[in-house]
Amino acid sequence: MLVVMKTQATPLEIQAVCEYIEQLGFRAHPLPGAERTAIGITGNKGEVERGNIEALSGVAEVIHVTKPYKLASRDVKEEDTIIRFPGTDATIGGRNLAVIAGPCSIESREQAFSIAEKVAASGAQFFRGGAYKPRTSPYAFQGLGIEALRIMADIRSRFGLRIITEAIDSESLGLVAEWADVVQIGARNMQNFSLLKKAGKLRKPVLIKRGLSATLEEFLMAAEYVMSEGNYEVILCERGVRTFTDHTRNTLDLSIIPAVQRLSHLPILVDPSHGTGRRDSVLPMARAGVAAGADGIIVEVHDHPEKALSDGTQSIYPEQFATMMNELEQIAPVVGRSLPRSIQVETARA
Ligand code: PEP
Ligand code: MN
């Protein structure tokens, strides 16, 4: 159920409606929009008695939301969600494209700083790097853990890059939430519902990668899990799905972008690195992702990919990243976007 407040409804009226809903034993989710506030109601088994709510002061109407995902749905919030990072001009969602770049894994302070400096110089506003790695083999490099989180915190201070890194379980979730700006939930955890619920209790944006065989509805329900716990800052990411193709690691399903945007107000990024698994395919698919309307790109960059401890074959060189930024800058206006270059460009060069 969704309570649509009148345009002129006051904060006190909104609060009173939320309190009324909570007192009925449900959860109220106030969702401010450009024109009016809507209040999502979750936790109700059947329909809420709408008459009593409609009678409350400031309420315009009460609507039944038929979709299984409610808070993630455009029915509940028409405007695109824009995630902001206080103290910076970086955003995810909205007109400006977000570019997140960095190695698959943080391997050492030198490796991470060297890559961070180069991606910052090309204008990236966000730095990625795995501290806790979900690896197919238990014998593969599992990440540096807390040490990697410390290195990334230093990278944020040095280059002004916002940090995004993955939490693989509830233990790492607490640490990642403490150190990073965005918490990534990986493809293999997209349906780890207890982890999603815990991420919903955080007050940090959560980036959810699409599961290897997840449908659009399952993808949006993963976002709903996080939002149902009160964290509305969710970012979706298409990273390729399993198909029969043998020319790429995964098949990057760009057609999910308009589908997500039709149904949801949440931002959606494209990961052409995991989406293809091949360095030579990353730039073309990054261009295609932006052309298809993605809100940004998350890409793996390494200055010595042949020595990388994970995903070297799909990591692009810093020079290729610079080219990618120039190309995306040109494509962006064609699709009504722009590519902000970080103000750290000068700092990084100095
Ligand atoms: C990653 O970003 O390095 C990663 C492991 O991603 P995914 O969960 O999409 O495989
Ligand atoms: Mn990777």
Side-chain angles (χ1 to χ4, degrees), residues 92 98-107 111-112 115 119 124 126-138 140-145 148-149 151-152 162-169 172-173 176 180-192 195-196 199 205-214 218-219 222-223 226 234-243 248-254 256 268-279 281-282 285-286 289 294 296-317 321:
I92 301 181
V99 177
I100 304 168
C104 179
S105 302
I106 300 298
E107 300 165 8
Q111 171 249 17
I115 298 168
V119 299
F126 298 87
F127 183 75
R128 62 147 292 152
Y132 301 92
K133 297 304 302 177
R135 304 303 300 279
T136 304
S137 164
F141 178 59
Q142 306 284 307
L144 296 182
L149 297 179
I151 294 170
M152 286 188 279
R162 297 300 99 191
I163 303 299
I164 161 161
T165 191
E166 178 170 354
I168 54 171
D169 49 25
S172 52
L173 183 71
V176 166
D181 299 295
V182 178
V183 177
Q184 177 174 322
I185 303 287
R188 289 153 194 84
N189 267 323
M190 193 208 81
Q191 287 192 312
N192 182 340
L195 188 63
L196 294 170
V206 176
L207 180 145
I208 305 175
K209 295 248 192 135
R210 181 182 180 188
L212 274 71
S213 63
E218 288 165 341
F219 196 16
V226 175
V234 176
I235 304 147
L236 300 167
C237 177
E238 163 58 31
R239 49 80 71 209
V241 289
R242 276 269 161 92
T243 67
T248 51
R249 181 179 174 187
N250 292 297
T251 296
L252 190 64
D253 178 17
L254 293 180
I256 202 163
I268 175 151
L269 307 182
V270 162
D271 174 349
S273 308
H274 295 87
T276 64
R278 297 178 55 109
R279 184 176 308 123
S281 299
V282 170
M285 297 314 283
I297 299 292
I298 175 166
V299 66
E300 289 183 341
V301 180
H302 202 294
D303 42 11
H304 297 287
E306 66 292 346
K307 292 194 198 144
L309 295 181
S310 60
D311 286 347
T313 52
Q314 68 194 31
S315 299
I316 57 171
Y317 290 96
F321 179 69

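Atoms within a ligand are numbered from 1 in the order they appear, just like the ligands themselves. Because the structure is predicted, anything quoted here is derived from the model rather than measured.
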* Atom nearest to the Mn ion (ligand 2) - D311, N, O or S atoms considered -> OD2
* What's the verdict on salt bridge (charged side-chain N to carboxylate O under 4.0 Å, His left out) for R210 and E218, showing C-alpha distance, side-chain angles and the deciding distance? -> CA-CA 9 Å; R210 181 182 180 188; E218 288 165 341; over 6 Å; no
* Structure fact -> Looking at E300, the N, O or S atom sitting nearest the Mn ion (ligand 2) is OE2
* Member of I235, I92, T165 meeting the side chain to side chain contact (heavy atoms under 4.5 Å, CB included) criterion with L207 -> I235
* Asked: What distance separates Y317 OH from D303 CG, expressed to the nearest 0.5 Å?
  -> 10.0 Å
* List the atom of I297, the atom of P272, and the distance in Å for their closest heavy-atom pair. => CG2-CD, 3.8 Å
* Spacing of L309 atom CG and H302 atom NE2 [to the nearest 0.5 Å] -> 7.0 Å
What does the N/O contact table under 3.5 Å look like for ligand 1?
unit_1	atom_1	unit_2	atom_2	d
ligand 1	2 (O)	R128	NH1	2.8
ligand 1	2 (O)	R128	NH2	3.3
ligand 1	2 (O)	Q184	NE2	3.0
ligand 1	2 (O)	K209	NZ	3.0
ligand 1	3 (O)	R128	NH2	2.9
ligand 1	3 (O)	K133	NZ	2.9
ligand 1	3 (O)	H274	NE2	3.1
ligand 1	3 (O)	E300	OE2	3.3
ligand 1	6 (O)	K209	NZ	3.0
ligand 1	8 (O)	A187	N	2.8
ligand 1	9 (O)	K209	NZ	2.9
ligand 1	9 (O)	R239	NE	2.6
ligand 1	9 (O)	R239	NH2	3.4
ligand 1	10 (O)	R188	NH1	2.9
ligand 1	10 (O)	R239	NH2	2.7

* Metal-centred angle, NE2 of H274 through the Mn ion (ligand 2) to SG of C104, rounded to 10 degrees -> 170°
* Calculate, to the nearest 0.5 Å, the distance between atoms CD and CD1 belonging to Q184 and I298 respectively. => 5.0 Å
* Do T251 and T243 have side-chain N/O donor and acceptor atoms under 3.5 Å apart? -> yes
